Trainee: 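Pasting a structure here, questions to come.
All values below were derived from every heavy atom in this structure, side-chain atoms included, with hydrogens, water molecules and symmetry-related copies excluded. The model shown is predicted, which means the values in this text are computed figures rather than measured ones.
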Amino acid sequence: KLKGFSLLLNIRASETEPFLFIVHLGIIMYILLINMNKFIKYALVFSTSFGWSQDIYTEYLVVNGDSLDVFSYQIPENYNVINTHPLLVIFHQWGGDQNSPYYTQFDEEANTRNWLYLSPFGGSSNNYNHQDAQYFVMQEILWLSEQYNIDSNRIYMVGGSMGGAAGAIFANNHLDPTQPMVAATASASGIIDCERRYYEMDGNNSMTEWFGGSPEEVPFEYHRNSAVFFADSIQSMHFNLQHTPFYLDFGTTEPHRLHAEELYELLQNYNLNMWIDTDPSGSHGFSVIDETHTSDWMSQFELERNPEVINVNLDEPSRAYWLEANNQIVEDEFIRIDCERLNENIYLINQFNNSDTLIFHILNDSIPSDIQFYNYQYDSIFTIGITGTSPFISSISDVAFEGFNSAYWNNLNQENEIIYVDISWGYYNMSFVFEDFTDVNMDGVWDVTDIVLTIQNILGQIIFNSTQTE
């Protein structure tokens, strides 16, 4: 599965023999540790298989000979490679590890629903969802997706306490539709604002360790690794949760209840898919959450990849749905983007700060004859780029661009199938001229592909753009 040498060890145990299993696992881990020098130069895959009705494995994330993380995953007993299967990612509490969440009922829920199940360690028992821990999770999801047929539209996340906000934090930081994204997430006593919790606890050594200092020293690290920053919403990533269904649970009297209720209030009428416990029970962490109800609630949602409105704070240059920010002017401040798509021809740029280039990934299934941009960011000049996955981009021979009412623009050019232009505040129109091809897919040759596309257009399976129709 990973390039290089693989060591496979199978352990069988029944659910009624936990002590025997622990003894066997301890012996095998000891053997593994004393032989680690022999295997460290290889990509090591250590797998354990528990003897429940579903198969459970433990493996290591190894990159360039370094073991970065350990994770456990479960394959449902009715797994069928022909079908896609949802994935449930579960995050342990502070002090736990990749095996801790098996003491909940979420693994049984996943098995019953025919979901795959992933439990990351996150690099340490006290990781607080820092950037490297999120990277580990991303790589583990990608690895699992290569081995099994996972439904990328139904990746759900849940966690308790320290891990309670991990799904929301991962969702905030991963909005690229070409990579794994979160379809819905649930929090059990989640620590959703790390800076606020740091001061409530009169300091937190784990946060200081993984974020690189206190909130006074590295405030941006606390804000980018939190679901929300209540003290200053401008420096908060909660905007990014607009299209991520969010389930909030907590104990009756714990401070995490107040945090969750305040976040719920903040997101109301902004995120339209939220649930919050109005009659909480339990004390803290996984003890407060009903696994069946949580799984039922999340299962109704699929990933939103293509929203009409994108309103986000990006912690680094990256993609958010159909937009992408290139470059970051001030590294420890968020890139602010607020844009809307009224239809395939009209786009509004309401706000764009702390970056100099905004790419629109909008030329996909078809290319409209013209596109209008309304830029309301009045105090700067920046570059917009227009691109996409359409094979017809290469057939664009000329681009016309105009600004209305003396709106400034400059430097119109095309590079690597991206059309760039500098704009300021104002209203603009972009139109395209295509090479004079007579075939449908515009490669200059009539062949079987053109016939298939024509049939699909007649059947209504695809829609020709104006150039193809002509």
Trainee: Anything under 30° is parallel, anything over 60° is perpendicular, the rest tilted; go ahead and classify His223 against Phe229.
Mentor: parallel
Trainee: Measure the spacing between CG of Leu175 and CD of Glu304 and express it to the nearest 0.5 Å.
Mentor: 11.5 Å
Trainee: Taking only residues two or more places apart in sequence, or in another chain, which ones meet Phe246 in a ring pair (Phe, Tyr, Trp, His ring centres under 6.0 Å)?
Mentor: none
Trainee: Can you tell whether the side chains of Arg113 and Asp296 come within less than 4.0 Å, N to carboxylate O?
Mentor: yes
Trainee: Using a 4.5 Å cut-off on heavy atoms from C-beta on, say whether the side chain of Ile384 contacts that of Val421.
Mentor: yes
Trainee: Checking Asn354 now: which residues fulfil side chain to side chain contact (heavy atoms under 4.5 Å, CB included) with it, not counting sequence neighbours?
Mentor: Gln328, Ile329, Val330, Glu333, Ile335
Trainee: Would you say OH of Tyr378 has more than 12 non-hydrogen atoms from neighbouring residues, nucleotides or ligands within 6.0 angstrom?
Mentor: no
Trainee: Between Arg154 and Tyr156, do the side chains contain an N or O donor and an N or O acceptor separated by less than 3.5 Å?
Mentor: yes
Trainee: Answer yes or no: is there a donor N or O on one side and an acceptor on the other, between the side chain of Asn375 and the main chain of Ser424, under 3.5 Å?
Mentor: yes
Trainee: Between Tyr102 and Ser72, do the side chains contain an N or O donor and an N or O acceptor separated by less than 3.5 Å?
Mentor: yes
Trainee: Does a side-chain heavy-atom distance below 4.5 Å link Leu118 with Leu144?
Mentor: yes
Trainee: Between His130 and Phe136, how do the two ring planes meet: parallel, tilted or perpendicular, split at 30° and 60°?
Mentor: perpendicular
Trainee: When the ring planes of Tyr270 and Phe239 are compared, do they come out parallel, tilted or perpendicular, using 30° and 60° as the limits?
Mentor: perpendicular
Trainee: Would you sort out whether His92 and Gln98 count as a side chain to side chain donor-acceptor pair (under 3.5 Å), showing the intermediate values?
Mentor: CA-CA 7 Å; His92 64 78; Gln98 72 282 357; over 6 Å; no
Trainee: Are more than 12 heavy atoms, taken from residues, nucleotides or ligands other than Ile234, located less than 6.0 Å from that residue's CD1 atom?
Mentor: no
Trainee: Distance only, no hydrogens: is a donor on one side chain within 3.5 Å (strictly under) of an acceptor on the other, for Asn172 and Arg224?
Mentor: no
Trainee: For the residue pair Gln414 and Tyr420, confirm or rule out a side-chain donor-acceptor distance under 3.5 Å.
Mentor: no
Trainee: Test side-chain contact (heavy atoms from CB on, under 4.5 Å) on Gln131 and Asn225 and set out the steps.
Mentor: CA-CA 7 Å; Gln131 294 295 300; Asn225 295 304; 2.8 Å; yes
Trainee: Would you call the rings of His174 and Phe170 parallel, tilted or perpendicular if under 30° counts as parallel and over 60° as perpendicular?
Mentor: parallel
Trainee: Using atom types as modelled and distance alone, determine if a side-chain donor or acceptor of Asp315 lies under 3.5 Å from a backbone N or O of Phe220.
Mentor: no
Trainee: Sequence neighbours excluded, which residues qualify as salt bridge (Lys or Arg N to Asp or Glu O under 4.0 Å) partners of Arg341?
Mentor: Glu308
Trainee: Under the 3.5 angstrom rule, does the side chain of Thr104 hit a backbone N or O of Pro101 as a donor-acceptor pair?
Mentor: yes
Trainee: Take atom CG of Asp232 as the centre, draw a 6.0 Å sphere, and report whether it contains more than 12 heavy atoms from other residues, nucleotides or ligands.
Mentor: yes
Trainee: Under 6.0 Å from the CD atom of Glu331, do we count more than 12 heavy atoms belonging to anything else shown?
Mentor: no
Trainee: Apply side-chain contact (heavy atoms from CB on, under 4.5 Å) to Thr387 and Phe360, showing your working.
Mentor: CA-CA 6 Å; Thr387 190; Phe360 289 75; over 6 Å; no
Trainee: Determine the minimum heavy-atom distance between Leu314 and Ala320, stating which atoms define it.
Mentor: CD2-CB, 4.1 Å
Trainee: If I compare all heavy atoms of Ala110 with all of Gln74, which pair ends up nearest, and what's the gap?
Mentor: CB-NE2, 4.1 Å
Trainee: Can you check whether Phe352's main-chain N or O pairs, donor with acceptor, with Gln377's side chain at less than 3.5 Å?
Mentor: yes
Trainee: Might you point out which heavy atoms bring Ser67 and Tyr60 nearest each other, and give the distance in Å?
Mentor: OG-CD2, 3.0 Å
Trainee: Run the numbers on Thr185 and Val182 for side-chain contact (heavy atoms from CB on, under 4.5 Å), then give the verdict.
Mentor: CA-CA 7 Å; Thr185 187; Val182 182; 4.1 Å; yes
Trainee: Examine the side chains of Thr383 and Asp422 and answer whether a donor and an acceptor come within less than 3.5 Å of each other.
Mentor: yes
Trainee: I'd like to know if the side chain of Ser233 and the backbone of Ser236 have a donor-acceptor N/O pair within less than 3.5 Å.
Mentor: no
Trainee: For the residue pair Phe230 and His259, what are the closest heavy atoms and their distance?
Mentor: CZ-O, 3.4 Å
Trainee: Looking at every non-hydrogen atom in both residues, tell me the closest pair between Arg336 and Asn311 and how far apart they are.
Mentor: NH2-OD1, 2.6 Å
Trainee: Taking atom CH2 as the centre, does Trp297 end up with more than 12 heavy-atom neighbours from other residues, nucleotides or ligands that are less than 6.0 angstrom away?
Mentor: yes
Trainee: Would you call the rings of Trp322 and Tyr347 parallel, tilted or perpendicular if under 30° counts as parallel and over 60° as perpendicular?
Mentor: perpendicular
